[in-house]
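Keep in mind the model is a prediction, meaning the values are calculated, not measured. Atom set for the values below is all heavy atoms of this structure, side chains included, hydrogens, waters and symmetry mates excluded.
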Amino acid sequence: MTVGSVETVPTCAYPGCEMPAEAPAPGAQGPAPHFCPDPEHNSLGAFRKIRAKRQQRKEDKRVATEAKKAAKRAAKEGQAPAVEQQPWPAASAETPATGTTSGTETPHPASEQDTASEQDVVAAQDVDGEMAALMAMTTAEGDRAAQSRDALVALIEQLVTELPGYIEELAVITDSAAAEARIETVTRACAQRILAAEGRAALAEEAGDMAVAALDAAQEKFTEETTAIREETARQVADAEFVRAELERYRERVSTLEVRLDAVRDEADELRRERAARPTADQGQPRPAGR
């Protein structure tokens, strides 16, 4: 007996798409296409879709967890204590009152009935205390078991919620086309960043060259101005030295002229004194006859 094999047509790998995958081109090598002819259904789109779904599941899970925690807190705050623990009965019960005499005991029927009633009450209290203790222990054990069950249920729900996302991501990772598309996208982004960085580096280098050229021009201009100032200062200093030398020479000539002027003044004074003395001498001498 032979069983005929049924050939299944692969569907589109895009999440939620049930269209058949695109047929491979005749003579094409490599893996068959995994997506339908829709241009938006590709490896990168599938990766983004799966990532968005996973983020949504995480958000839904977080909201549900917060709601459960709020409900538990409200239940704990609104729930009254189920069983109040009663104290255990005392070790020694009260003894029934009996009538006694100094020598013999005389029983009374009413006292015996009262004693039996009291014993029944004490026994009922003991039973109630033991039942309350057992119920408290059972409640505590039930609370711990409920907490463990809740934790286990939460872990199972978390696993059930995250398992499809892990399966989809595993499918994308094992898909060579998706991996190649992701690598190509990352490579393209890196290339664009490298080009942008190289452009910024070129602009920075050009700006640095311009700044260096401006600095060199400013330094050259400063050197020329400094040289001109030094030359002008040296020329002014030389002129000042020349003027100082000429002034000293003029001072010497003035000193010489003053000396000569003093000598001339002395000679003039001498001649003036001689002229003043000469008429007096002429008056003292006798004049010749006939004059």
Side-chain angles (χ1 to χ4, degrees), residues 5-25 28 30-84 135-197:
S5 60
V6 179
E7 183 179 359
T8 59
V9 179
T11 58
C12 180
Y14 191 84
C17 181
E18 298 179 356
M19 297 294 293
E22 187 177 3
H34 297 278
F35 299 94
C36 64
D38 191 346
E40 295 183 357
H41 292 186
N42 50 32
S43 300
L44 183 58
F47 178 78
R48 291 176 178 174
K49 184 72 173 179
I50 292 172
R51 184 173 58 183
K53 290 173 63 178
R54 183 181 180 187
Q55 293 295 333
Q56 185 64 31
R57 283 196 298 269
K58 287 184 178 180
E59 184 67 18
D60 296 341
K61 176 187 173 184
R62 184 183 65 80
V63 173
T65 303
E66 292 180 356
K68 288 182 180 180
K69 290 181 179 179
K72 287 182 179 179
R73 285 196 298 267
K76 289 181 180 179
E77 291 175 358
Q79 182 181 5
V83 178
E84 295 181 356
M135 291 178 66
M137 295 176 61
T138 305
T139 304
E141 293 293 335
D143 292 338
R144 287 195 293 271
Q147 293 177 358
S148 301
R149 183 182 62 81
D150 292 339
L152 182 60
V153 170
L155 289 176
I156 293 174
E157 291 179 353
Q158 180 180 1
L159 179 60
V160 171
T161 303
E162 296 182 353
L163 185 59
Y166 292 143
I167 293 174
E168 292 177 356
E169 289 187 358
L170 182 60
V172 173
I173 293 172
T174 54
D175 189 359
S176 60
E180 290 176 0
R182 182 61 177 170
I183 293 171
E184 183 180 358
T185 303
V186 174
T187 304
R188 188 181 300 108
C190 292
Q192 291 178 356
R193 291 182 181 178
I194 291 171
L195 289 176

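- In terms of the side-chain hydrogen bond (donor to acceptor under 3.5 Å, both in side chains) criterion, Gln192 has no residue partners (sequence neighbours excluded).
- Under the rule for a side-chain contact (heavy atoms from CB on, under 4.5 Å), the partners of Pro33 that lie at least two apart in sequence or sit in another chain are Glu22, Pro24.
- For Leu155, the side-chain contact (heavy atoms from CB on, under 4.5 Å) criterion is met by Gln158, not counting sequence neighbours.
- Within 6.0 Å of the CZ atom in Arg48, the count of heavy atoms belonging to other residues, nucleotides or ligands does not exceed 12.
- A distance of 11.5 Å separates OG1 in Thr161 from CD1 in Ile156, rounded to the nearest 0.5 Å.
- Residues Pro20 and Cys36 come closest through the heavy atom pair O-CB, 3.6 Å.
- Listed by chain and residue number, Glu59, Glu66 satisfy the side-chain hydrogen bond (donor to acceptor under 3.5 Å, both in side chains) test with Arg62 (two or more places apart in sequence, or in another chain).
- Every residue was checked against the side-chain contact (heavy atoms from CB on, under 4.5 Å) condition with Thr11, not counting sequence neighbours, and none meets it.
- Closest approach of Cys12 and Phe35 over heavy atoms only: SG-CA, 3.6 Å.
- For Lys58, there are no salt bridge (Lys or Arg N to Asp or Glu O under 4.0 Å) partners at least two apart in sequence or on another chain.
- Note that the NE2 atom of His41 and the SG atom of Cys17 stand 5.0 Å from one another [nearest 0.5 Å].
- Applying the side-chain hydrogen bond (donor to acceptor under 3.5 Å, both in side chains) criterion to Glu157, with sequence neighbours excluded, gives Lys68.
- With sequence neighbours left out, the side-chain contact (heavy atoms from CB on, under 4.5 Å) criterion links Lys72 to Asp150.
- For the pair Glu40 and Tyr14, the tightest heavy-atom approach, listed with the atom from each and the gap, is O-CE1, 4.0 Å.
- Leu195 contributes atom CG, which lies 11.0 Å from atom SG of Cys190 (distance to the nearest 0.5 angstrom).
- Residues passing the side-chain hydrogen bond (donor to acceptor under 3.5 Å, both in side chains) test with Lys61 are Glu162, sequence neighbours excluded.
- Separating the CG atom in Leu163 from the CZ atom in Arg57 is a distance of 9.5 Å, to the nearest 0.5 Å.
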